[in-house]
Amino acid sequence: MIRFVTACVIVTLAALVGSHEHEHVADSQEPFVGWTKEDLDAKWGTDWGFSGISTFAHLPHVRCLQHPEEEYDIAVLGAPFDTAVTYRPGARFGPRAIRAASARQTTMRGYNPRAGLNPYREWAKMLDCGDIPITPFDNALAMRQMSEAFANLAHSTATKENRESPVAYRRTPKLLTLGGDHSIALPTLRALNSIYGNVAVVHFDAHLDTWHPAKYPSAWIDPDDAAQQSFFTHGTMFWLAHNESLIMKDKSVHAGLRTRLSGIEDNEDDDAQGWIRFTTDDIDDLGFATMAKRIVEHVGTETPVYLSIDIDVIDPGLAPGTGTPEPGGWTTRELIRVLRGIESLNVVGADIVEVSPSYDGAGEVTALAAAQVGFEVLSSMVKRGMGDGAEKKGKAGGVRDEL
Ligand SMILES: *[C@@H]1O[C@H](CO)[C@@H](O)[C@H](O)[C@H]1NC(C)=O
């Protein structure tokens, strides 16, 4: 009886919709007989925001490190690591939280009006490559694991079509890493250097992260031994990157700075490492458009850029789920507007770090901000790869929201 009623309902629904495909649903007693892959994709291949296994924006999940044959243009990769933090731990849960918070980003409704494109439907094949299984017990080993993982993925072959693309940007796969604490930027920079040579870093953060590793409250550190494990922290990785000559001098930028310093000499050290700085207050004094313009002018639009976004650049009122919160920061909207303003940069790799969900609110406000930032970064990467002129206009088709 129940079966009969169900069959009637299905037949009635099919009749109401009246399409050939739906008639199939009614008499599919042998569900997989005669169905093509396209049929099955059409029937079962979509997710609601609330359904599906959690990957970033419902992207297909492949464990790329185990599948070097897999082709992609942009890999989203989790680096669940937090044993190099100076204050609250917990960012190892960041990748999971950001993926969960990205659930309402779907291919179907992914059009970004400001960029004039849907990043999930353009030229770029994107995958969620899962997480690097990083040890929480041994930071020297963790560093080796991350360095090897990032290098393997960054060197992976892009699709053949894209390797032959006239648009240079498309020829090498791009990485978007979800942290994890900020120290993960060091192994990523090593990987990018092995492809591009030195890269510029565009760094959004409340903190400098160029601190000398001996500038922490411990007399046990030998300031002259850069190989010490205690040199590797989430506040010193750019100092180490400079020490390893990974960062392009006089092209790198911090923005959103506001933390206390040990003294003005911290800024002088930062100058010596070749950075320029925009403070949190500069967004009021200059306006976001001028700030974005100055960043682009300083870096240049051809320079390969590593875009590193510490979620603590946002005010802890709007992004409390982070390890070293600093009151008085930007709004989520201000960060996103600056990111839109720098979309012409040649971003070859990016990270979103320091999301620590145990300090987040019940509404996942920090993880949501990080997921949205991820969407904007992916939109700009895809837009950059659209090339110039007619191709861009024709394919993207949108009206650009200029500064
Ligand atoms: C790297 O750090 C070590 C230890 O502090 C120092 O001796 C060396 O000169 C540094 N190298 C560069 C290129 O900064």
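The residues of the chain are indexed from 1 along the displayed sequence. This is a predicted model, so every value here is computed, not measured. Both ligands and their constituent atoms are indexed starting at 1 by order of listing.
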State plainly whether the residues [X] and [Y] are in salt-bridge range, i.e. N to O under 4.0 Å.
X      : Y      : answer
Arg277 : Asp271 : yes
Glu70  : Lys125 : yes
Glu297 : Lys293 : yes
Glu326 : Arg260 : yes
Arg294 : Asp282 : no

Atom pairs and distances, ligand 1 N/O vs protein N/O under 3.5 Å:
| from | atom 1 | to | atom 2 | distance (Å) |
| --- | --- | --- | --- | --- |
| ligand 1 | 2 (O) | Asn243 | OD1 | 3.4 |
| ligand 1 | 2 (O) | Asn243 | ND2 | 2.3 |
| ligand 1 | 5 (O) | Pro223 | O | 3.2 |
| ligand 1 | 11 (N) | Asn243 | ND2 | 3.0 |
| ligand 1 | 14 (O) | Asn243 | ND2 | 3.2 |

- request: Using the test salt bridge (charged side-chain N to carboxylate O under 4.0 Å, His left out), find all partners of Glu268 that sit at least two apart in sequence or belong to another chain.
  value: none
